[in-house]
Amino acid sequence: MPLNSMTGFARVEGIHGAVRWHWELRSVNGKGLDARLRLPPGMDGIEQRLRTELARHLKRGNCQINLVLDRSEMAAPLRVNRAALAVVMEAIGDIQKVMEVMPPRPEGILALKGVLENAEDAVEDEDARTALEEALVSSFTAGVKALASARAEEGAKLETVLTGHVNEIERLTRNAEDCPAAAPSALQARLKEQLQEMLGDGAAIAEDRVAQEAALLATRADIREEIDRLKAHVEQARELLSSGEAVGRRLDFLTQEFNREANTLCSKAADVILTRIGLDLKAVIDQFREQIQNVE
């Protein structure tokens, strides 16, 4: 399974009877799964179902979800409200009993408010409303799947970039391990050279004293533990990237460990070459950290 990004967009359209709609779903990076839904009035009843469906497909990300309903562009069949018509006809009959009036024309009766219902009124019927809500939820599920697919496509690209960063961290770690300046013999030679410069060319230098001081320097400058930890972190990073799970948080914690070892390596560096390697390592780790902010 590819790595998933938290960045994505999806739009799906639907139709049910006289009602058209479209869903727009956007997501960006976030610490957890947070959804902000904008639903038309009267659609609050499906909100919890939408949140549950979203959580089935996504683990993290700030999501903005917008539903737009449109009942105006379709000419749905009109419906006569039989109850309202009966009330109107009874009232007309009562009036004709007490005064002589011409019977109203049918189009006049149908023009009375409530007698002839349009599609918007018709969906207020409980069965029709339930059917509409089911269609909306089903359409939303398709939208969430499309959003998840978009995030997976973005995640595949992101995985390539992150793998490149991990490879570079491994290369720099090997360079630090192989750096001649970190060898005890190099430390001893450098110490002896510095002492000779301070004391002058004619001064005698006790070799045993130089060896003791070099041993102390070698102990303080020993980077083998940092190298071993960096290698272990590289291996763990590769395992997480290939796991197919939501690993963004764990990668974030791992980056902190990477950075800690790089800082220690820089503080122990006794040579400009090793210092440069440590700084390059910190730069790559920082790029890695920026990219994983978008990992689910």
Side-chain angles (χ1 to χ4, degrees), residues 7-28 33-58 61-151 153:
T7 302
F9 172 80
R11 175 189 169 102
V12 294
E13 298 180 352
I15 181 172
H16 179 79
V19 184
R20 292 181 182 272
W21 68 82
H22 70 262
W23 290 99
E24 287 188 355
L25 303 92
R26 293 179 174 85
S27 70
V28 294
L33 181 60
D34 181 34
R36 298 183 179 181
L37 284 78
R38 296 179 57 188
L39 303 177
M43 290 293 141
D44 297 340
I46 64 173
E47 180 173 342
Q48 187 55 50
R49 294 177 62 187
L50 301 180
R51 292 184 181 276
T52 300
E53 189 64 26
L54 186 69
R56 289 182 59 240
H57 298 276
L58 308 180
N62 289 327
C63 303
Q64 294 184 350
I65 299 166
N66 187 33
L67 170 62
V68 177
L69 287 179
D70 185 4
R71 299 183 174 100
S72 62
E73 294 185 0
M74 292 193 64
L78 297 178
R79 186 181 72 169
V80 175
N81 188 324
R82 298 294 178 179
L85 179 61
V87 172
V88 171
M89 296 306 296
E90 183 178 356
I92 293 174
D94 292 340
I95 293 173
Q96 289 178 329
K97 290 178 181 178
V98 298
M99 57 185 302
E100 292 185 5
V101 294
M102 293 290 293
R105 298 177 63 85
E107 59 269 25
I109 297 175
L110 292 176
L112 295 175
K113 185 177 180 180
V115 175
L116 197 61
E117 294 180 330
N118 58 28
E120 186 171 358
D121 297 326
V123 298
E124 296 303 322
D125 175 82
E126 189 63 30
D127 291 340
R129 182 180 182 82
T130 299
L132 175 61
E133 290 181 350
E134 291 299 326
L136 288 171
V137 173
S138 178
S139 176
F140 176 78
T141 299
V144 174
K145 290 180 179 179
L147 177 62
S149 178
R151 287 165 47 126
E153 290 180 9

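Values below: all heavy atoms of this structure, side chains included; hydrogens, waters and symmetry mates excluded. Residue numbers count from 1 along this sequence.
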query: At what distance, to the nearest 0.5 angstrom, does CG of L69 lie from NE2 of H22?
result: 9.5 Å
- line: Applying salt bridge (charged side-chain N to carboxylate O under 4.0 Å, His left out) to E153 and not counting sequence neighbours gives none
query: What pairs meet the salt bridge (charged side-chain N to carboxylate O under 4.0 Å, His left out) rule with one or both residues in residues 40-55, with sequence neighbours excluded?
result: E47-R51, R49-E134, E53-R56
statement: Heavy atoms of C63 and L58 approach each other most closely as SG-CD1, 4.0 Å
task: Please name the pair of heavy atoms, one in A150 and one in G8, separated by the smallest distance, quoted to 0.1 Å.
output: CB-CA, 4.5 Å
- request: Among I65, L50, V12, L25, find the one that has a side chain to side chain contact (heavy atoms under 4.5 Å, CB included) with V144.
  value: L25
message: Restricting to side chain to side chain donor-acceptor pair (under 3.5 Å), what partner residues turn up for R36, sequence neighbours left out?
response: none
- prompt: How long is the span from the CG atom in D34 to the CG atom in L54, to the nearest 0.5 Å?
  reply: 10.0 Å
Distance, nearest 0.5 Å, that separates CD1 of I46 from OG1 of T52: 12.0 Å
field: Rounded distance (nearest 0.5 Å) linking atom CG of L112 with atom CD1 of I92
entry: 7.0 Å
- line: With sequence neighbours left out, the residues meeting side chain to side chain donor-acceptor pair (under 3.5 Å) with T7 are none
query: Does the side chain of M89 reach to within under 4.5 Å of the side chain of I109, using non-hydrogen atoms?
result: yes
task: Quick one: list whatever passes salt bridge (charged side-chain N to carboxylate O under 4.0 Å, His left out) with R82, sequence neighbours left out.
output: none
statement: Which of R26, R38, R11 passes side chain to side chain contact (heavy atoms under 4.5 Å, CB included) with N66? Answer is R38
- prompt: For E13 and S139, which heavy atoms make the closest approach, and how far apart are they?
  reply: O-OG, 4.3 Å
message: Does anything in residues 125-147 form a ring pair (Phe, Tyr, Trp, His ring centres under 6.0 Å)? List the pairs, not counting sequence neighbours.
response: W23-F140
